[in-house]
Amino acid sequence: MSGDANDALRLIRDSAAAIAPRQGDLGRIRALRFARPGFDRAVWRQMAELGWLGLLVEETRGGSGLGPAELCALAEELGAGLVPEPLPFAAAIAPLLPDAAAVIAGERIVLPAWQERPNTLAPGTATRFAGGRVSGTKQFIPMADGADAFLVATADGLALVERDAPGVTLDLAMTQDGGHFGTLTLSNAPATPVPGRIEPALETITLALAATALGLMDRAFALSLDYLRTRRQFGRAIGSFQALQHRAADLKLQLELTRATVAAAAAAPSPAAISRAKARAAEASLLLTRQAIQLHGGIGYTDEYDVGLFLRKAMVIANLHGSAALHRARFAALAPDITE
Amino acid sequence: MSGDANDALRLIRDSAAAIAPRQGDLGRIRALRFARPGFDRAVWRQMAELGWLGLLVEETRGGSGLGPAELCALAEELGAGLVPEPLPFAAAIAPLLPDAAAVIAGERIVLPAWQERPNTLAPGTATRFAGGRVSGTKQFIPMADGADAFLVATADGLALVERDAPGVTLDLAMTQDGGHFGTLTLSNAPATPVPGRIEPALETITLALAATALGLMDRAFALSLDYLRTRRQFGRAIGSFQALQHRAADLKLQLELTRATVAAAAAAPSPAAISRAKARAAEASLLLTRQAIQLHGGIGYTDEYDVGLFLRKAMVIANLHGSAALHRARFAALAPDITE
Amino acid sequence: MDAAALDALDDEAFRLEVRRFVEAHYPPALRNPPKRLHWAENQVWYRLLAEHGWLAPGWPRAYGGMGLSAAKQLIVIEEFERHGCARTNDHGVVMVGPLLIRYGSEAQKRFFLPKILSGEAIWCQGYSEPNAGSDLASLRTEAVIDGDDYVINGQKTWTTLATDANWIFLLVRTDKAAKKQEGISFLLVPMDSPGITVRPIINLELHDEFCEVFFDNVRVPRANLVGEENKGWTMAKALLGFERIFLGSPRQSAYALVRLKLLAERMGLAEDPTFQDRFTRLRLDLEDHKALYETFAARLRRGEPLGADVSMLKIHQSELFQRITEAMLEIAGENAGLLEPMEGNRALHPAGLFIQARPATIYGGSNEIQRNILAGSVLDLPAT
Amino acid sequence: MDAAALDALDDEAFRLEVRRFVEAHYPPALRNPPKRLHWAENQVWYRLLAEHGWLAPGWPRAYGGMGLSAAKQLIVIEEFERHGCARTNDHGVVMVGPLLIRYGSEAQKRFFLPKILSGEAIWCQGYSEPNAGSDLASLRTEAVIDGDDYVINGQKTWTTLATDANWIFLLVRTDKAAKKQEGISFLLVPMDSPGITVRPIINLELHDEFCEVFFDNVRVPRANLVGEENKGWTMAKALLGFERIFLGSPRQSAYALVRLKLLAERMGLAEDPTFQDRFTRLRLDLEDHKALYETFAARLRRGEPLGADVSMLKIHQSELFQRITEAMLEIAGENAGLLEPMEGNRALHPAGLFIQARPATIYGGSNEIQRNILAGSVLDLPAT
């Protein structure tokens with residue numbers, strides 16, 4: 001990787017600190033939990049000002065013209081901060097949208113709606129788009145309640161549907177992290193066609209989710225290390241107990257394997273590489289956040305202590321855009337050959 | 001279990017100490033390794049005198065009329081002593097044999113020959129028996145070189161074939177424990193028919209192999225605990241290091257799960273219970289003996305130190321009469337229902 | 001059937017009798033509650049048990065218990081578990097009763113035991129402290145004699161259902177000079193004493209099962225001391241005999257495994273070979289756990305004491321329970337992130353059961369502590 | 001192409017050049033040997049490397065080495081590994097040469113370096129002792145000055161290929177009063193010195209790769225001390241810089257994974273979904289290991305030093321190698337117990353590879369020690 005590219009990544013990471021400082025408290029996140037829409041439009045506009053919503057949009061169209069590596073760096077920091085705003089979803093589809101300017105400016109929030117069954121990365125095809133009307137049901141739309149419009153994948157191409165259009169119903173189910181999944185039911189809802197394919201954006205989001213998981217497990221592990229260094233039992237810091245030391249070493253190893261595979265996928269984002277990264281990130285993030293609870297003992301099981309928030313977020317992220325098992329199978333199908 | 005039954009088991013275990021004392025050295029076992037026939041006929045006669053070969057034979061036919069629980073207790077002790085004599089194989093088929101007296105007296109060694117492919121518990125059916133002649137090939141006969149005759153499973157019933165009969169060829173492949181597997185090739189070999197079915201005996205042997213594995217892992221673990229208590233590094237007994245203590249605790253748990261499941265199967269030996277026992281014993285014996293090497297460090301990797309002998313034995317036993325995977329699948333097929 | 005007649009039955013007949021009782025009387029709406037119930041919800045069952053004389057299987061009949069053997073007590077618990085009965089606010093029955101019967105004064109027995117049986121006295125347990133979790137003996141809540149009273153200052157935590165209780169049994173430090181286990185005493189304290197503050201702790205299930213309890217110059221009469229002063233540690237340890245096997249009961253794992261299978265069917269994975277392999281491994285772990293559990297139960301039945309090796313059961317059961325719920329999470333797709341059960345079906349709540357399983361390796365002596373015990377007391381490895 | 005020209009190539013061109021070299025010259029019969037080869041078997045390759053100037057990639061050209069950058073040295077090793085080249089008796093090149101170049105006297109350099117390059121001096125390493133394995137600094141073999149000589153008494157063990165060597169480089173205790181790391185010195189000793197006895201140790205592969213070496217009043221001139229007396233520990237640690245990454249090379253695991261696939265095909269399991277799932281998991285572990293390895297290799301390429309976190313590579317690679325061979329054993333059926341390869345095919349020897357993988361977690365600093373290092377030096381956890 002060239003020095004310039006490294007500088008761009010460092011700039012992105014630094015800019016993320018404005019919204020998700022690594023040492024920051026999680027008061028804002030707690031305040032938004034289990035409420036509607038579950039995130040903050042003022043923060044969204046701030047993200048827009050930082051150029052994040054146009055990150056992947058060409059410079060000629062008002063974006064930053066950056067790539068998946070930069071989105072991953074950003075997603076990792078937002079994951080570490082448990083940021084509820086659905087930035088990777090919006091940023092990944094922004095390049096597809098005809099009215100990108102308002103989206104890039106943060107004035108208009110458009111989220112993708114593509115899924116019709118659990119645990120898949122393939123857009124559902126039961127939704128139809130004909131005569132300017134869309135009918136069908138889309139599930140598992142994270143933070144759907146905050147969207148102004150949805151980019152809906154149909155068997156007949158992409159369709160842009162306004163949230164408040166006739167024939168549009170949105171049902172919400174709360175998620176463990178305090179956000180929600182929306183189920184979007186469309187009955188002859190008016191829509192405008194959008195050229196292009198959503199699949200590449202779904203790959204990008206998948207990769208960004210792996211990076212999000214990396215960020216959150218990294219911080220949960222850092223919290224655990226702090227606790228191991230300071231919490232005392234039996235007259236000594238619990239981090240001096242060898243059994244916990246060795247467990248921490250194993251967790252560090254999983255963390256760094258995840259970091260390496262996410263970085264490799266961000267640098268060369270093939271579907272196989274993305275599946276590798278998502279498979280590792282899903283399993284490792286659940287492992288690290290579970291163990292973060294265990295290493296904290298009883299206090300880790302309280303809602304008021306932050307470490308549980310990371311577990312809840314991992315539970316939501318792990319299977320989004322495909323479980324570890326799905327991505328392992330996809331990797332094997334995409335890259336069947338092995339060599340020494 | 002009644003007090004009488006417990007007494008019988010204790011007697012059997014005590015009698016095993018004559019040949020396989022728990023604290024005994026393994027000089028005899030080392031001397032027989034990688035030689036032919038790999039075991040000692042004098043010891044075999046001693047086993048006969050102890051009543052082991054007629055253990056499962058009815059008292060009216062000169063046996064002891066005992067059951068699988070007693071055979072398991074014996075097999076466990078013989079496993080702990082790494083005894084190379086193929087006692088469970090011979091004892092399990094003794095009740096089927098017409099000339100049981102010579103077998104029970106240890107004068108004649110008959111071993112089962114039933115297998116035609118790896119990793120199965122089903123007798124092969126490509127071997128045919130017609131007109132008093134047997135043709136076919138049987139594989140993986142442990143310690144075959146020491147047999148006087150073979151009880152051969154054919155598509156046409158059981159056949160007794162003398163080792164030195166015309167048309168009989170025996171090829172040997174050395175095994176890691178210093179014994180061997182025989183491949184028996186029969187071309188129109190003369191044979192006498194034997195009534196009955198071999199499948200129940202194969203079940204009994206499978207259970208005895210689980211008990212053998214239990215015995216060997218038990219002793220390998222005991223050796224490891226001794227080493228942990230006495231070996232010093234960094235100025236302290238290595239058994240005082242918490243990471244090793246916790247690993248030892250985990251191994252103890254696997255050992256006791258194995259003991260419990262083998263005991264349950266010995267008390268009520270259904271095929272499902274036997275598969276449970278063999279599946280656990282196969283995996284746990286490999287785990288415990290691998291870890292015994294690791295806990296010993298470099299010295300565990302030397303052939304002159306005994307702990308490696310237990311690993312080698314586990315490698316041979318683990319997949320004999322079906323691997324852990326085979327027995328897990330068999331258990332699931334035999335006992336498909338679950339309840340709370 | 002009265003307690004003496006029940007005790008005279010053989011084990012199998014007794015088991016059927018228990019089953020009949022629970023099927024006849026247990027409120028169906030309370031079967032397999034997803035969370036620990038509060039007194040307001042479970043007192044109906046407590047009172048039913050009391051009314052039929054089934055509340056205190058282990059207490060001597062002279063004190064209103066059933067006077068059952070250890071074997072039969074185990075059967076009661078197994079059958080209640082099998083039926084999915086909720087735990088009641090049972091600290092009075094399980095902990096305080098046996099404590100008083102063994103160490104209490106006659107006055108204490110006469111005063112408290114009937115109130116426990118009647119449901120008038122509902123107890124919570126004041127053991128853990130913020131800086132004395134796994135290392136319980138380092139507790140610092142202290143009680144100082146002032147005239148006829150003890151004056152208590154300090155803080156307890158992880159006090160289960162303290163908001164329901166009107167009494168708390170406390171371990172307190174009464175001699176700061178003594179070695180850590182030797183200056184600890186047992187006190188019985190009314191929860192409405194001036195100076196007590198209870199603060200519920202919301203846990204990861206978003207449930208207020210646990211509380212912090214603060215003591216600010218709380219006064220209790222010296223008569224509320226149980227047994228000798230500074231002997232509380234010994235008494236507390238003695239109470240942990242028979243009960244330890246229950247942390248290793250296969251119930252939670254068996255319950256979870258059935259739900260894993262349901263979930264797999266719902267997700268279309270029941271015939272998936274990879275799932276089946278994983279499921280069979282978990283199932284065999286459960287079956288073998290039951291076999292190991294049975295060897296400990298058989299010891300109890302023979303009247304033998306349980307050794308430190310009973311820690312194995314707790315370790316294996318809690319980690320198996322967790323592994324089953326991890327399998328649920330992994331096959332649940334996006335449902336793994338839901339706050340509420342799938343499709344409104346309480347049996348399909350992978351996220352809920354996954355979170356519920358988390359503390360199993362922490363409470364009742366963390367699994368790290370249990371492994372220390374195994375290494376030291378069972379395997380005879382040298383002290384770290 | 002001479003060393004200077006090779007060093008001037010860019011990395012990719014250099015890699016192709018190495019590949020061309022090894023394909024042209026490496027004896028086909030020696031590819032992927034199942035056991036460590038003795039000098040009698042591998043000297044042909046040692047001499048070929050020497051003849052073409054490829055023996056010492058890391059030594060400065062002034063001393064007859066290739067003077068390659070760390071990045072290019074890594075490429076040499078990666079390409080040799082990829083081709084399945086046997087390790088030679090390389091302690092002279094890898095350990096003694098760099099030691100002398102950095103700390104040796106001019107006389108020592110002039111005497112020893114040419115003999116290493118010519119294959120006249122074949123070295124073995126005298127570090128470990130029966131009571132100083134993982135705790136190397138507790139070694140007790142001692143050297144006492146007597147006139148112009150050191151007199152050595154004691155015992156070394158795990159000395160690789162000592163029967164092949166005519167020289168040994170030794171860590172000995174020269175100051176018994178000093179703290180354990182501070183009284184250790186480096187000595188160079190001819191193996192034919194009176195008082196040296198070598199006893200091969202048969203390992204679990206039934207191979208005599210290792211030896212015990214006994215020293216009974218062995219005399220060497222004081223001129224055979226390397227560097228300062230009592231500074232041997234510092235020198236030994238300094239030698240372990242660059243080399244540590246190689247213990248984490250993905251080679252062994254990659255080799256084993258290919259053989260696992262072959263075995264699965266032979267056993268009819270290649271299409272079995274449960275096997276495929278397990279295989280893919282192992283494969284992803286390997287792929288991700290390669291990605292992690294690459295981040296360390298990139299640091300070397302940028303000329304950055306490796307930190308203690310390189311221990312992660314050793315832990316993961318050795319345990320992955322073992323897990324792959326465990327999978328082989330489990331699917332091999334009865335073949336898991338065979339002493340020799342299946343069907344005479346060296347690529348189908350699950351038992352052999354399984355045993356070969358056992359010491360990977362023990363040698364080069366046991367994985368327990370590596371985890372201690374990670375916890376202390378990388379995670380900054382307090383000392384135990």
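Per chain, numbering begins at 1; letters A, B, ... match sequence-line order.
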_Looking at chain D, which one of V316(B), L309(B), T302(B) has the largest number of heavy-atom pairs inside 4.5 Å, strictly under?_
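The option with the most such pairs is T302(B).
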Side chain, backbone, both or neither: which part of [X] has a non-hydrogen atom closer than 4.5 Å to chain B?
| X | answer |
| --- | --- |
| P350(D) | neither |
| I369(D) | side chain |
| E205(D) | both |
| N131(D) | both |
| Y363(D) | neither |

With only heavy atoms counted, which part of [X] is less than 4.5 Å from chain D, the side chain, the backbone, both or neither?
| X | answer |
| --- | --- |
| Y301(B) | both |
| L326(B) | neither |
| E283(B) | side chain |
| F34(B) | side chain |

*Taking atom CD1 of I362(D) and atom CD1 of I299(B), what is their separation to the nearest 0.5 Å?*
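Going from the CD1 atom of I362(D) to the CD1 atom of I299(B) covers 11.0 Å.
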*Answer yes or no: is there a donor N or O on one side and an acceptor on the other, between the side chain of Q294(B) and the main chain of T361(D), under 3.5 Å?*
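Checked: pair present.
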*Is a donor on one side and an acceptor on the other found under 3.5 Å between the side chain of R312(B) and the backbone of L204(D)?*
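Judged by distance alone, yes, a pair lies under 3.5 Å.
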*Under 4.5 Å, heavy atom to heavy atom, which residues of residues 330-338 of chain D contact chain B?*
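So far as heavy atoms go, E330(D), A332(D), G333(D), E334(D), N335(D), A336(D), G337(D), L338(D) are the residues that approach chain B to under 4.5 Å.
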*Residues in residues 374-384 of chain D that sit under 4.5 Å from chain B, counting heavy atoms only*: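 None at all.
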*Would you say R236(B) has more than 12 foreign heavy atoms packed within less than 6.0 Å of its CZ?*
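Count over threshold, so yes.
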_Would you say CZ of R266(D) has more than 12 non-hydrogen atoms from neighbouring residues, nucleotides or ligands within 6.0 angstrom?_
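Not more than 12 within 6.0 Å, no.
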